[in-house]
Amino acid sequence: VTGINESDEASEVIVYPNPSTGQFTFSGIDLSDFANAHISVTDILGQEVVFHLDDNTKLTLDLQGNKPGIYFAEIRQNDQIFNAKLMLEK
């Protein structure tokens with residue numbers, strides 16, 4: 001997981017479990033202003049894939065229904081950009 005943080009506060013975003021069979025949970029993201037967040041998930045070819053947000057108290061992406069492989073998640077929130085490499089297994 002890499003993060004580009006333009007503010008003075010450093011944030012650490014952790015994704016678990018990774019690899020996963022479909023559900024990825026992100027910790028370290030402030031959900032109090034989540035309405036201003038933009039999330040995109042792409043496959044290794046750069047094509048956006050379908051995902052679902054499973055919980056409003058923590059950020060959980062559900063990639064079940066997609067083919068196993070490597071995916072990239074990008075979360076933009078205010079002045080922060082977080083990128084994560086996700087490994088989806090059967």
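One is the number of the first residue; the rest follow in order along the sequence. Basis for what follows: all heavy atoms, side chains included, without hydrogens, waters or symmetry-related copies.
For Q64, the side chain to side chain contact (heavy atoms under 4.5 Å, CB included) criterion is met by Q23, D62, not counting sequence neighbours. With sequence neighbours excluded, the residues that form a side chain to side chain contact (heavy atoms under 4.5 Å, CB included) with S27 are I14, Y16.
Taking CD1 of I29 as the start and CZ of F82 as the end, the distance is 6.0 Å to the nearest 0.5 Å. The CG atom of L86 lies 10.5 Å from the CG atom of N83; values are rounded to the nearest 0.5 Å.
Side-chain contact between L59 and I39: present, with at least one pair of heavy atoms (C-beta onward) separated by less than 4.5 Å.
Taking every heavy atom of both residues into account, T21 and K90 meet most closely at CG2-O, 3.4 Å. Between L88 and K67, the closest heavy-atom pair is CD2-O, 3.4 Å. Closest of all the heavy-atom pairs between G22 and S20 is N-OG, 3.0 Å. Heavy-atom minimum distance, L61 versus A73: CD1-CB, 4.3 Å.
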Scan the side chains in residues 43-51 for donor-acceptor partners under 3.5 Å anywhere in the protein, sequence neighbours excluded, and list what turns up.
{"from": "D43", "atom 1": "OD1", "to": "L45", "atom 2": "N", "distance (Å)": "2.9"}
{"from": "D43", "atom 1": "OD1", "to": "G46", "atom 2": "N", "distance (Å)": "3.1"}
{"from": "D43", "atom 1": "OD1", "to": "Q47", "atom 2": "N", "distance (Å)": "2.9"}

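No donor-acceptor pair under 3.5 Å is formed between the side chain of N18 and the backbone N or O of F24.
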